[in-house]
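Computation of the quantities below employed the complete heavy-atom set of this structure, encompassing side-chain atoms and omitting hydrogens, waters and symmetry-equivalent molecules.
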Amino acid sequence: MIKRKVGAAESRAASRFWWDLDADNYQAEHGDFLGVDDFVWCPEGLREEQAGLLGDFRGRRVLEVGCGAAACSRWLTLQGAHPVGLDISSGMLRHARQDSERVGTAFPLVQASADVMPFADDSFDLAFSAFGAIPFVADSEAVMREVARVLKPGSRWVFAVTHPMRWIFPDDPGPTGLTVTQSYFDRTPYVEADQYGRTVYVEHHRTLGDYVRQLTATGFRLVDLVEPEWPEGHTLIWGQWGPIRGKLFPGTAIFVCLLD
C-alpha cells in the first residue's frame with residue numbers, strides 16, 4: 001500500500017480492473033448479506049424498507065450509481081420503481097444480469113464511470129448510491145455535478161459512503177483497529193499496485209466538510225446525515241468493520257440531499 005496523488009483516468013482504470021477481477025469473490029463473500037432483491041444501505045444492515053431515505057419512489061425513474069450486482073435496483077423494481085443501474089465494472093454487471101434473470105426482473109444496466117454519465121439532462125426523478133462509486137472516483141464533486149445534471153429539479157440524491165472517520169484507523173476489525181494511525185485531514189489517496197507496478201486499486205478520502213461543500217457547490221441541499229448505529233447482536237465482519245468498532249464510532253455516513 002502506498003499513498004500518492006491519482007488522476008481521474010488512472011482511478012477509473014484501477015476501478016475497472018479491480019472490480020472486474022474481484023467481482024466473483026466479492027459476491028461470494030457478501031452476496032448472502034446483500035441479498036438478490038434486498039436494499040441494504042451499509043454493513044450495519046440498515047434497510048431502505050425500514051429507513052425510507054428515498055422517499056416516494058414508486059412509479060419513478062431511479063438511477064443507482066455504482067450498482068454492483070444491483071440488488072437495490074432489483075428490490076426497487078419489485079416495489080414499483082423504474083431503476084437504471086450504472087457501474088464501471090463489467091464483472092459486477094455480469095452478476096447483476098445473472099441475478100435479474102434468477103429473480104425474473106428486467107431493468108437497464110449501463111457500464112460507465114460515475115463522473116462521466118451517458119444520460120441526458122433531467123433524465124431521472126431520484127438517484128442513490130449504496131456504498132457505490134463515490135470513494136473510487138478521483139473527483140467526487142464531478143460525481144455530484146453529474147448527478148445534479150441528470151436529475152430533475154427538486155429530486156432527491158441519497159448516497160452512503162464509509163464514514164470519513166474510518167480513514168484515521170487501520171483496516172482491522174479487532175482491537176488494534178481502534179488506534180488512530182493517520183490524519184483525518186490527509187486526503188492523499190490509498191493506492192495498491194501489482195507486481196508490475198500497475199495501479200490496481202484506488203480509494204479516495206474526503207472529510208464530512210468536503211462532502212457538504214461539494215453538495216452545496218453543485219446545487220444540492222443537505223437535509224439529513226444518517227450515521228447508523230451498530231445493531232445489538234449483529235456479528236457481521238465486513239472488511240475493517242465489525243461489532244468491536246461499530247459499538248464505538250460510526251462506520252457509515254448516509255447523505256440525504258435535495259436538488260434545489
Side-chain angles (χ1 to χ4, degrees), residues 3 5-8 11-12 14-15 40-44 46 48 51-55 62-68 72 86-88 113-117 124 126-151 153-169 171 180 182-191 201-229 238-241 245-246 249-260:
K3 295 184 74 178
K5 292 184 178 180
V6 178
S11 196
R12 291 186 201 114
S15 289
V40 183
W41 276 109
C42 52
E44 290 86 352
L46 181 69
E48 175 60 19
L53 301 181
L54 298 184
V62 182
L63 174 63
E64 180 174 8
V65 180
C67 67
C72 297
L86 178 142
D87 202 278
I88 199 170
S113 183
D115 55 345
V116 188
M117 296 187 191
F124 296 96
L126 174 67
F128 74 95
S129 183
F131 262 66
I134 296 170
F136 305 102
V137 177
D139 182 358
S140 54
E141 186 170 323
V143 178
M144 307 303 170
R145 281 196 301 270
E146 279 293 86
V147 173
R149 181 183 64 79
V150 304
L151 281 179
S155 297
R156 185 171 292 211
W157 163 227
V158 186
F159 64 94
V161 295
T162 301
H163 199 288
M165 279 188 64
R166 167 262 192 196
W167 195 254
I168 69 178
F169 297 99
D171 285 347
V180 172
Q182 58 188 341
S183 171
Y184 176 77
F185 303 104
D186 180 4
R187 295 155 172 92
T188 311
Y190 169 96
V191 179
Y201 182 91
V202 179
E203 189 170 348
H204 301 269
H205 167 60
R206 290 100 189 183
T207 67
L208 287 173
D210 290 339
Y211 283 121
V212 172
R213 283 185 290 274
Q214 290 173 4
L215 289 165
T216 300
T218 52
F220 287 102
R221 174 165 45 92
L222 181 65
V223 297
D224 198 3
L225 175 57
V226 180
E227 298 169 295
E229 295 188 34
W238 180 307
Q240 73 276 19
W241 288 111
R245 285 158 60 119
F249 56 91
T252 303
I254 307 176
F255 296 78
V256 182
C257 319
L258 291 176
L259 181 62
D260 288 331

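You'll find the side chain of Cys42 stays beyond 4.5 Å of the side chain of Trp238, heavy atoms only. In this structure, the side chains of Tyr201 and Tyr190 come closer than 4.5 Å at one or more pairs of heavy atoms. You'll find the side chain of Phe255 reaches within 4.5 Å of the side chain of Val161, heavy atoms only. With contacts defined as side-chain heavy-atom distances shorter than 4.5 Å, the pair Leu225/Tyr211 does not qualify. Looking only at side-chain heavy atoms (C-beta outward), Met165 and Leu208 stay at 4.5 Å or farther from each other.
Residue Ile168 holds its CD1 atom at 9.5 Å from CZ of Phe185, rounded to the nearest 0.5 Å. Gln182 contributes atom CD, which lies 4.0 Å from atom NZ of Lys3 (distance to the nearest 0.5 angstrom). The CZ atom of Arg187 sits 4.5 Å away from the OG1 atom of Thr207 when rounded to the nearest 0.5 Å. Rounded to the nearest 0.5 angstrom, Leu258 CG and Arg156 CZ are separated by 5.5 Å. In this structure, the separation between SG on Cys67 and CG on Asp87 is 4.5 Å, given to the nearest 0.5 Å. To the nearest 0.5 Å, the span separating CZ on Phe169 from CZ on Arg245 amounts to 7.0 Å.
Pro43 approaches Thr252 most closely through the heavy-atom pair CD-OG1, 3.9 Å. Scanning all heavy atoms of the two residues, the minimum distance from Val256 to Leu222 falls at O-CD1, 3.5 Å. Of all the heavy atoms in Ser129 and Ala133, the pair that sits closest is OG-N, 3.7 Å. Between Val6 and His204 the shortest heavy-atom distance is O-CE1, 4.1 Å.
With sequence neighbours excluded, the residues forming a ring-ring contact (aromatic ring centres under 6.0 Å, His included) with Trp241 are Phe249, listed by chain and number. With sequence neighbours excluded, the residues satisfying side-chain contact (heavy atoms from CB on, under 4.5 Å) with Ala14 are Thr199, Val202. Phe124 pairs by the ring-ring contact (aromatic ring centres under 6.0 Å, His included) definition with Phe119, not counting sequence neighbours. Qualifying ring-ring contact (aromatic ring centres under 6.0 Å, His included) partners for His205, counting only residues two or more places apart in sequence or in other chains: Trp167, Tyr184.
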Compile the donor-acceptor pairs under 3.5 Å between side chains in residues 135-143 and protein atoms, sequence neighbours left out, one pair per line.
from, atom 1, to, atom 2, distance (Å)
Asp139, OD1, Glu141, N, 3.1
Asp139, OD1, Ala142, N, 3.3
Ser140, OG, Arg206, NE, 3.1
Ser140, OG, Gln214, OE1, 2.7
Ser140, OG, Gln214, NE2, 3.0

Trace of the side chain to side chain contact (heavy atoms under 4.5 Å, CB included) decision for Cys257 with Phe159: CA-CA 9 Å; Cys257 319; Phe159 64 94; 4.2 Å; yes

Full working for side chain to side chain contact (heavy atoms under 4.5 Å, CB included) between Val40 and Phe131: CA-CA 9 Å; Val40 183; Phe131 262 66; over 6 Å; no

Verdict with reasoning, Phe128 to Ile254, per side chain to side chain contact (heavy atoms under 4.5 Å, CB included): CA-CA 10 Å; Phe128 74 95; Ile254 307 176; over 6 Å; no

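Under a 3.5 Å cut-off, the side chain of Asp171 and the backbone N or O of Gln240 do not form any donor-acceptor pair. Glu48 places no side-chain N or O within 3.5 Å of a backbone atom of Trp41 that could act as its donor or acceptor partner.
Salt-bridge formation is not detected for the pair Arg145/Asp115: no Lys NZ or Arg NE/NH1/NH2 atom is positioned less than 4.0 Å from an Asp or Glu carboxylate oxygen.
Sorted by first and then second residue, the salt bridge (Lys or Arg N to Asp or Glu O under 4.0 Å) pairs with a member in residues 217-229 read Arg221-Asp260; sequence neighbours excluded.
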